[in-house]
Amino acid sequence: MPVDASNALLRWYAVDKRRLPWRAEAGERPDPYRIWLSEVMLQQTTVAAVRPYFEAFTSRWPKVADLAAAPEADVMAAWAGLGYYARARNLVACARKVAGELDGIFPDSEAALRALPGVGRYTAAAIAAIAFGRRAVVVDANVERVVSRLFAVEEALPGARERLYALTDALTPEHGAGDFAQAMMDLGSGICTPRSPDCGRCPVAAICAARARGEQERFPVKAPKRARPRREGVAYWLEHDGHVRLVRRPKQGLLGGMLALPTDDAPAEVPWREAGSVDHVFTHFALTMRLLCAESDRRDDGIWWPIERIDEAGLPTLFARLAARGSAWREAA
DNA sequence: GACTCGTGGGT
DNA sequence: TACCCAAGAGT
């Protein structure tokens, strides 16, 4: 990036950067554990959604050794509602690897970070640059949008990904790559937004090819998406003596490793009653799940959770909504 | 490279 | 309403 534009970007960042719980204040040294935790939470997830989870995790598990010592089920439950639950399992695996094999010290090179569970190209680069001051090429969706506009890249995503990476590499300074990356991300988040970008406030508008053409909203070009199929399913609310039957879902697949209501196969041979349905939208399909409710006269050796404390079970959102319906059915009965 | 994998907010 | 989007990773 031309020196003038780079300086303008960094000056803008120095004044207008977001204050975030995981960001070191001026003069503070960034904590690799907190940087790593925030980066994993922020994968495909908004800052607003992450904030309360980050506060809860760092209060409960202040250091990587604390997280490594936690039962996986506790971490999964604490992650409930944040989505993409493979991240939570990888989070525990990564913490245990760092605490157990690396003396509790996060690696400071991209290659070594990349070898940790749940740490891909973006996250390894972000940690190396932000936590350790390394030069690394940090490309997230914000940077892709900003760079695609700066250079008016006509090639569509995701095919353009390597080109955008190379362009970002050329822009990234030898020193201060962490601030550069965070400046680009804040720019994308607050000014160079997907719709109605605020070019009048943009510190690098002068070098923006898309802006020069008045076509900033046309970038990044994206490949058309597939239609989202609609599916249907059944969940079961089976209660006995103030408890409801839950299951631990298999580690692989949708909502893997999470507690949930039984689905597909009825957990008991009892007369089931319809209790409505819940519509829920996942990334790649929309689901309508019916809820069948019943009372059991006995308690098998599965998981039975006290209904009064169902909100503490750590159910993913779909099942939390179904459980709310089940509780309502119970109150009405 | 295509596909899977959540959720909530904005428009 | 329906669609878009988000500090992506793993298979």
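Within every chain, numbering begins at 1; the chains are lettered A, B, ... in the order of the sequence lines, protein sequences first and strands thereafter.
Residue contacts shown for R145(A) are limited to sugar-phosphate atoms, with no base heavy atom under 4.0 Å away.
A pairwise comparison of heavy atoms in P267(A) and W272(A) identifies CD-CZ2, 3.7 Å as the closest pair.
Between G118(A) and W22(A), it is W22(A) whose nearest contact on DNA chain C lies nearer the 5' terminus. The residue among S189(A) and P117(A) whose nearest nucleotide of DNA chain C lies closer to the 5′ end is S189(A).
Here the separation of dA9(C) from dG8(B), taken at their P atoms, is 22 Å to the nearest Å. Across the P atoms, dA7(C) and dA2(B) are found 23 Å apart, a figure rounded to whole Å.
Applying the 4.0 Å criterion to OP1 and OP2 of dA2(C), one finds that R228(A) has every side-chain N and O outside that range.
Side chain R114(A) to base dA9(C): no donor-acceptor pair is found below 3.5 Å. With hydrogens and angles ignored, no donor-acceptor pair closer than 3.5 Å exists between the side chain of T45(A) and the base of dG8(B). For T46(A) against dG9(B), a side-chain-to-base donor-acceptor contact under 3.5 Å is absent.
Residue K97(A) places its NZ atom among more than 12 non-hydrogen atoms of other residues, nucleotides or ligands, all under 6.0 Å distant.
A ring-centre distance under 6.0 Å is found for H280(A) and F282(A).
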